[in-house]
Amino acid sequence: MSRAETTAGPGLHDGDPGHRPGEPVRERAPAPPASRTPRAAWSLGLFGSELLIVFRRARTLALLGVLAGVPVLVGIAVRIETRGGHSVGGDGGGGPAFLEQISNNGLFLAFASLAATLPFFLPMAIGVVAGDSVAGEASTGTLRYLLVAPAGRTRLLLAKYASVLTFCVAATLVVVLSAVVVGFSLFPVGDVTLLSGNTVSLSDGILRGLLIALLVASSLIGLAALGLFISTLTDSGIGAMAATVGLLITVQIINNIPQLHALQPYLFPHYWLSFADVMRAPVIWTGILKNLALQFLYAAVFGSAAWARFTTRDVTA
Amino acid sequence: MTPVAPTPGVVIETSGLAKQYRGTLAVDGLDLQVPRGSVFGFLGPNGSGKTTTIRMLMGLIEPTAGSARVLGRPMPRSSRSVLPKVGALIEGPALYGFLSGQDNLIRYDAADPTADPRTRKARVGSALDRVGLTAAAGKKAKAYSLGMKQRLGLASALLQPRELLVLDEPTNGLDPQGMREIRALVRELADDGTTVFLSSHLLDEIEQVCTHAAVMARGRLITQGPVAELSAGTRGRLEVTTPDPVETVRVLAAHGVTDLVTDPHTAQVTGELPAEPPDLAELNAALVAAGVRVRGFGLRRASLEDAFVALTGEGFDVAG
């Protein structure tokens with residue numbers, strides 16, 4: 001490694017560091033190889049920079065705004081519906097899970113909102129952010145400047161995936177926090193009656209709520225990897241976003257056609273609603289674990305595919 | 001593949017470099033040598049393969065055949081150790097429109113593994129200052145004019161002291177004043193010892209700043225060398241401005257000047273000097289002695305454009 005460093009040899013440059021007044025000291029040239037070793041923390045720096053890029057975009061804030069609006073809508077609707085002492089969906093059918101408990105306990109608005117957003121709203125937001133991650137940079141041309149910086153293809157991809165996963169957590173938390181604020185201000189709050197009929201304390205209920213938020217965020221790992229992979233295939237940010245969201249809708253439809261039940265256990269959204277099992281005592285882990293295993297499988301397969309594609313592709317945009 | 005040992009004093013070296021896109025050769029067997037410390041003009045019409053070559057040198061695309069060395073190390077394999085020492089402007093600037101100019105530079109600096117975050121602010125500040133964008137540093141990049149974007153792109157190439165600057169059409173979109181500033185900046189950087197690799201389709205731009213040049217056409221390298229040598233291949237022509245063309249032609253022909261052409265519009269007589277040229281002062285005196293009224297007299301130096309036309313035997317059009 002250092003051999004070639006020294007063969008940079010005698011040249012105009014090495015002989016003349018050429019400091020200019022007011023210019024920062026030339027810390028790297030003609031420098032011993034040691035000072036050129038990349039800093040250990042720089043991957044974190046790149047990740048931080050990725051996060052800024054994701055969260056400073058107006059589109060991201062709009063997506064989070066929409067997600068924050070869902071619990072508000074659900075909360076107000078339930079509040080209006082139950083004003084005269086009626087219960088929601090009195091026949092016990094229809095609507096997302098947990099809906100009928102909201103008027104008794106505001107905490108259930110968080111569970112109901114997650115159940116309402118998980119099939120489409122949340123994954124659509126993830127699809128937009130993941131689909132845009134690489135392709136968006138390619139279409140604006142900023143990708144080539146990141147690569148000649150040089151960010152390093154593998155590291156850039158990892159930083160991108162990490163920032164998409166962070167967005168998954170942030171999006172889930174936005175739904176939960178908005179639901180908690182709305183639920184606690186519109187409805188009574190108290191001990192939590194679980195799906196299995198037992199009652200636990202509010203603090204136990206909140207802990208279960210946090211676990212559910214974590215599981216919902218984890219449910220999006222597979223889709224995030226899929227979106228990232230699609231994003232490495234094209235130079236069009238819009239195209240990658242549309243393809244990812246389109247794929248999500250297709251998969252959700254297939255997941256609801258009974259005749260295709262043989263396929264369904266392999267579809268990434270198949271076990272998404274398993275998070276409701278946390279609201280039982282004892283918790284039933286089978287579906288939850290199947291969901292996590294499936295998400296990690298998707299992440300491994302499509303993460304590798306994204307890596308294989310991105311590290312070998314010609315960047316011509 | 002066993003890479004050839006790097007030639008000392010050469011910052012960019014390619015051998016047999018080629019890139020094929022869907023059957024067409026964009027770059028074909030390129031053997032390029034860029035000496036350290038030079039301002040190297042990379043010249044060719046649009047579509048001649050300049051940008052494809054630059055992308056291969058910067059490790060963005062994989063060559064179909066051949067090899068490239070930048071700063072003595074093979075590319076794209078050594079991207080991580082080579083590229084921090086290289087500043088690049090490739091095919092125009094690319095910016096995050098929703099970020100300010102300053103934040104754009106911070107973003108690019110954060111992508112460089114060797115950049116020290118503690119000096120980031122200061123380096124970004126001095127890069128902005130260097131391209132004259134300090135006043136617009138806080139403005140969103142989408143509000144920038146094309147010229148300002150170009151300057152910001154240049155600033156990102158100047159975030160670190162570089163050994164090599166690769167500038168693809170750096171004066172694109174700039175007004176004449178901006179072009180002059182960029183040329184001054186390039187000279188300044190070259191004086192600091194930075195090798196500047198400058199691609200352009202503008203011949204006079206190359207001629208004004210470059211010490212060396214290479215000419216590409218249809219993916220092939222036509223020639224390379226010091227600019228003085230390239231244009232020396234074609235000799236200059238004698239140019240006399242006079243209201244008495246007939247007498248002028250007679251006197252010049254008597255002194256061995258050949259290929260005499262009279263242009264009635266500009267009232268100029270031009271001709272090729274003989275291999276052993278006479279003293280120009282005496283030639284002028286002879287004209288005056290013969291009663292020719294001389295308004296202008298001089299040798300028009302061969303331009304790079306003359307050299308280019310002589311080399312390719314064609315104009316400077318977009319390659320099909």
Side-chain angles (χ1 to χ4, degrees), chain A residues 1 4-5 7-20 22-30 33 35-39 41-43 45-46 48-50 52-53 56-59 137 140-153 155-156 159 312-317, chain B residues 5-6 8-9 11 21 36-37 52 55 58-62 71-73 78-86 88 90-99 103 106-117 119 122-123 126 129-130 153 156 160-163 166 188 191-195:
Chain A
M1 290 293 270
E5 293 289 347
T7 52
L12 277 172
H13 181 75
D14 290 313
D16 171 28
H19 285 140
R20 309 164 49 72
E23 188 184 287
V25 177
R26 203 176 270 249
E27 57 181 312
R28 299 184 304 124
S35 78
R36 291 205 196 277
T37 36
R39 283 149 214 288
W42 86 271
S43 296
L46 182 62
S49 170
E50 277 302 323
L52 279 179
I53 290 296
R56 284 182 70 173
R57 199 159 281 196
R59 188 185 57 216
E137 301 255 17
T140 57
T142 47
L143 182 61
R144 63 175 182 268
Y145 286 108
L146 292 177
L147 291 181
V148 300
R153 296 190 183 206
R155 274 151 207 265
L156 185 60
T312 55
R313 94 181 240 208
D314 282 351
V315 176
T316 52
Chain B
V11 287
Y21 284 125
R36 187 172 282 272
T52 302
R55 281 179 181 275
M58 297 291 102
L60 290 174
I61 60 182
E62 191 88 24
L71 302 177
R73 326 260 318 243
S78 301
S79 297
R80 283 194 62 198
S81 54
V82 167
L83 292 179
K85 296 177 247 172
V86 179
I90 307 158
E91 244 188 325
L95 305 167
Y96 299 89
F98 60 98
L99 293 183
D103 288 345
I106 289 175
R107 162 77 166 153
Y108 286 134
D109 197 63
D112 179 352
T114 63
D116 187 347
T119 60
R123 282 180 292 110
S126 69
D129 186 47
R130 213 146 184 206
S156 79
Q160 298 268 5
R162 312 285 194 185
E163 283 184 42
V166 174
E188 205 175 284
D191 289 344
D192 287 354
T194 308
T195 309

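Just so it is clear, the values below take in all heavy atoms, side chains as well, and ignore hydrogens, waters and symmetry mates.
The residues A:Arg153 and B:Glu62 are annotated as not salt-bridged, no charged nitrogen and carboxylate oxygen being separated by less than 4.0 angstrom.
Residues B:Ala111 and A:Ala149 come closest through the heavy atom pair CB-CB, 3.7 Å. Of all heavy-atom pairs between B:Ala110 and A:Gly45, the closest is CB-O, 4.3 Å. Nearest approach of A:Ile53 to B:Leu99, heavy atoms of both residues: CD1-CD1, 3.6 Å.
When heavy atoms are compared at a cutoff of 4.5 Å, B:Asp109 does not approach chain A at all. Of the two parts of A:Glu50, the backbone and the side chain both hold a non-hydrogen atom closer than 4.5 Å to a non-hydrogen atom of chain B.
Among A:Val148, A:Leu52, A:Thr312, the residue with the largest count of heavy-atom pairs under 4.5 Å with chain B is A:Val148. In terms of heavy-atom pairs under 4.5 angstrom with chain A, the leader among B:Val82, B:Ile90, B:Thr52, B:Asp103 is B:Ile90.
Of the possible polar contacts, none joining the A:Tyr145 side chain to the B:Leu95 backbone as a donor-acceptor pair under 3.5 Å is found. Between the A:Arg56 side chain and the B:Phe98 main chain, no donor and acceptor come within less than 3.5 Å of each other. A:Arg144 places a side-chain N or O within 3.5 Å of a backbone atom of B:Glu91 that can act as its donor or acceptor partner.
Going from atom OH of B:Tyr96 over to atom OG1 of A:Thr142 covers 3.5 Å, rounded to the nearest 0.5 Å.
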From CA spacing to verdict: side chain to side chain contact (heavy atoms under 4.5 Å, CB included), A:Leu147, B:Met58: CA-CA 9 Å; A:Leu147 291 181; B:Met58 297 291 102; over 6 Å; no

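A heavy-atom distance below 4.5 Å is found between the side chains of A:Leu146 and B:Arg107. Between B:Leu60 and A:Asp314, every side-chain heavy-atom pair lies at or beyond the 4.5 Å cut-off. When side chains are defined from C-beta on, A:Thr316 counts as touching B:Ile61, because their heavy atoms get closer than 4.5 Å.
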